[in-house]
Amino acid sequence: MHRLFFVLTSLVLGASPLLAAESRPNILFIFTDDHATHSISAYGSKINQTPNLDRIANEGMLFRNCFCTNSICGPSRAVIQTGKYSHKNGFLMNGNKFDGTQQTFPKLLQAAGYETAVIGKWHLGEHMAPQGYNYSEVLVGQGPYYNPLMLRDVHGSGNQERTKYTGYTTDIITDLALEWLKNSRDDSKPFMLMYQHKAPHREWCPGPKHLTMYDDVEIPEPDNLFDNYDTRGRAAHEQDMTIAKTMTPRDLKLTPPPFLNDEQRAVWNAAYEPKNEVFRNANLEGDDLIRWKYQRYIKDYLRCIASVDDNVGRVLDYLEETGLAKNTVVMYSSDQGFYLGDHGWFDKRFMYEESYRQPLMVRWPEQIKPGSVSDALVSNVDFAETFLDLAGLDIPADMQGYSLVPLLKGETPADWRKAHYYQYYEFLNDRKTPHMVRRHYGVRTDRYKLIHYYNVDEWELYDLEADPREMRNIYAEPQYADIIKQLKQQITDLQGELEVPDDRGSVEADPPCLNPQPKPGRRQKQGAEK
Ligand code: CA
C-alpha cells in the first residue's frame with residue numbers, strides 16, 4: 001500500500017522532499033548499562049542465553065571489536081551524544097555535568113525532521129532536561145531497580161514533570177518506550193528512540209520474575225577468578241573492585257534493597273532468605289567464600305539481563321507486528337563492558353578487554369545481510385556519525401568518529417582505522433575515588449594493546465593473539481622493542497589527530513597503596529615525579 005502510494009506519487013510529483021523524508025529509516029537505539037559481551041549468547045557466552053538480543057545479531061550484524069573510548073557510564077553516554085572523545089565534550093568522569101548546549105546528534109536529527117525521544121537511563125545530570133528530544137522521560141541519576149522516580153519533558157519544553165512509578169524499572173522503561181512508539185510520537189516523521197535501561201548496573205537487583213532463576217545451577221567460574229596480577233603494574237594491584245574484598249552486603253543481597261515496598265519485599269525475602277540462611281550456616285572462608293560471592297554476584301547480574309532480554313523481545317515483537325521492523329535500524333549496545341569475575345573483579349574502567357569492549361549488534365532488514373559479522377575496530381565515538389549518516393545528513397567536521405553505514409552494507413573501507421585510542425580519567429587521588437583505578441591511556445590494534453598509566457609512568461603490553469585474557473604483561477621483553485616503538489608512535493599520532501591535551505601531572509601525588517607490593521626504587525621514583 002505504502003509502496004504503491006510512493007510509486008504513484010513519485011510519478012506525478014517527481015522527487016518530493018516530504019517523500020524523501022518518509023523513506024529515511026527509523027532508528028531504535030537499545031542501550032544497557034555495564035552489559036559485557038561475554039554475557040550475550042550471540043557473542044558465545046558460556047554462562048547464559050539471550051535469545052531476544054541474539055535476534056538482532058542473527059537477523060543483522062554483530063561487531064566483534066567495538067570499544068569504548070573511556071570505560072565509565074556518564075562519559076560513554078556523552079561520547080555517544082556528541083561523537084567526540086571525553087576531552088572534547090567536557091565529560092571526563094562521573095560527577096561532571098554534561099554541557100547540553102553543545103552540538104549533539106539528536107539535535108541534528110530533530111532539526112532534519114526526525115521525531116526524537118530518550119526513555120530510561122540518562123545519567124548526564126539533572127541540571128538540565130535532555131536537549132534535542134521531542135520527548136524525554138528519564139531516571140534521576142542511576143535510578144533504582146524498583147519503583148523509579150522519572151522526569152518527563154514533553155515537546156522538549158525544558159520543564160520536567162516528576163512521576164513515581166511502582167514496579168520493576170526494566171519493565172517500566174519498556175512500557176514507556178512502547179507507549180511512546182504506539183501513541184505519543186508524531187508518526188508522520190521518522191523516529192529516533194533511545195530506549196535505555198539501568199540494568200544490569202550494580203547492585204544487580206533482579207525483577208520479580210527472575211528472583212530464583214539459576215538457583216539450581218552452578219555458573220562456570222572464569223579461569224582467572226584468582227588472578228594475582230603477577231607481571232601487571234601498580235594499577236591492577238591497587239584497584240578496589242574485587243569480588244573478594246569490595247562487595248558489600250547489599251551487593252550480595254544479604255540485606256534486601258531499601259527501595260522495595262512491603263509487597264515487593266515479601267516476594268524478595270521469600271526468594272533470598274532461604275538462600276541466605278544456607279550461606280550463614282555454612283560459615284565459608286577463604287577461596288570458598290570468594291566462590292560463593294562470585295556465584296551470588298553473577299547469578300544476580302544474569303537475572304537482570306534475563307529481564308532486559310525479555311523486554312527487548314517485547315519491543316522487537318511490536319516492530320514486527322506493526323511492519324515497522326522493515327525500515328527501522330535496531331542497534332543494541334551498552335555503555336561499556338564489565339568484569340564477570342575476570343581477574344577477580346566486577347566493575348569496569350580498565351582498558352583490559354572485558355570492560356573496554358562493548359556489545360554492538362545492528363539489525364536493518366533493508367540493508368544488512370542476516371548473520372553478518374564485522375571484525376573492524378569500531379567504537380562508541382562512531383555512533384553519532386552513524387545515526388546522522390543513516391538519516392542522510394552530513395557529518396560535522398568536528399566529530400571524531402566514522403559512520404558505520406558502509407560496514408553495515410558489507411563494505412569495510414580500505415582506510416578504516418587500524419588502531420583505537422582510549423583514555424580513562426576518574427582517579428582523584430584520594431580513597432574516595434570509586435574503585436581506585438589509575439588514569440591511563442592506550443592503543444589497541446587487531447593484535448596488540450599498549451597501556452600507559454601515565455601518572456606513575458608504568459607501561460603494559462599485551463599480545464592479544466597469544467594472551468587474550470591479558471595475564472602476561474610483556475612490555476619488558478626485549479623482542480617486543482620494535483612493536484612497542486610502533487605502538488608508541490600510533491599513540492602519539494592519535495593524540496595529535498584527536499587533539500588530546502597532556503594530562504600528566506593531573507593527579508597531584510600518589511595515594512597510599514591499598515595493597516602494597518613495593519618494588520625496589522619505587523618510592524624514589526615517585527618522589528622524583530612530584
Ligand atoms: Ca556503565
Side-chain angles (χ1 to χ4, degrees), residues 29-40 43 50 53 66-82 85-86 89 91-98 118-126 130 138-145 148 169-170 173 194-205 239-241 243 246-247 251 297-298 300-305 307-308 312 331-343 345-361 379-381 383 422-427 433-437:
F29 181 63
I30 309 175
F31 200 52
T32 48
D33 197 314
D34 296 354
H35 190 187
T37 55
H38 49 319
S39 52
I40 298 175
Y43 279 90
T50 49
L53 296 177
C66 182
F67 298 101
C68 59
T69 65
N70 181 359
S71 180
I72 183 82
C73 307
S76 176
R77 289 154 200 271
V79 168
I80 291 167
Q81 289 289 311
T82 60
Y85 273 73
S86 306
N89 66 44
F91 201 104
L92 296 170
M93 62 190 86
N94 284 343
N96 286 164
K97 282 185 178 171
F98 182 64
V118 56
I119 295 172
K121 187 165 179 180
W122 173 245
H123 203 212
L124 286 170
E126 279 70 54
V138 294
L139 296 171
V140 179
Q142 295 282 1
Y145 269 101
T169 301
T170 303
I173 289 171
M194 302 183 86
Y195 156 53
Q196 311 201 135
H197 288 290
K198 175 215 172 58
H201 191 275
R202 191 184 187 187
E203 66 284 37
W204 321 292
C205 295
Q239 48 61 40
D240 179 22
M241 49 190 261
I243 287 174
T246 311
M247 284 198 164
D251 289 332
Y297 154 56
I298 198 67
D300 285 338
Y301 180 86
L302 297 178
R303 288 164 181 147
C304 292
I305 289 166
S307 176
V308 168
V312 167
M331 184 157 153
Y332 181 82
S333 191
S334 186
D335 53 357
Q336 76 286 307
F338 214 65
Y339 297 97
L340 308 182
D342 316 279
H343 303 291
W345 296 337
F346 66 99
D347 213 71
K348 52 257 181 180
R349 300 159 196 275
F350 280 104
M351 198 192 170
Y352 302 128
E353 295 287 274
E354 293 83 359
S355 59
Y356 174 42
R357 178 178 279 110
Q358 299 174 277
L360 180 61
M361 303 183 283
S379 172
N380 59 346
V381 77
F383 294 179
Y422 178 86
Q423 189 154 0
Y424 172 78
Y425 300 89
E426 193 175 299
F427 184 84
T433 299
H435 301 299
M436 298 294 288
V437 175

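As the structure lists them, so they are numbered: ligands from 1, and atoms in each ligand from 1.
Note that NZ of Lys121 is 10.0 Å distant from CD of Gln196, once rounded to the nearest 0.5 Å. If you take CG on Leu340 and OH on Tyr297, they are separated by 5.0 Å, rounding to the nearest 0.5 Å.
Lys348 meets the salt bridge (Lys or Arg N to Asp or Glu O under 4.0 Å) test with Asp34; sequence neighbours excluded. In this structure Phe98 satisfies the ring pair (Phe, Tyr, Trp, His ring centres under 6.0 Å) test with no other residue, sequence neighbours excluded. Residues forming a side-chain hydrogen bond (donor to acceptor under 3.5 Å, both in side chains) with Tyr301 (at least two apart in sequence, or on another chain): none.
Residues Ser333 and Pro359 approach most closely at OG-O, 2.7 Å, considering heavy atoms.
Protein nitrogen, oxygen and sulfur atoms, that is N, O or S, within less than 3.0 Å of the Ca ion (ligand 1) amount to 6.
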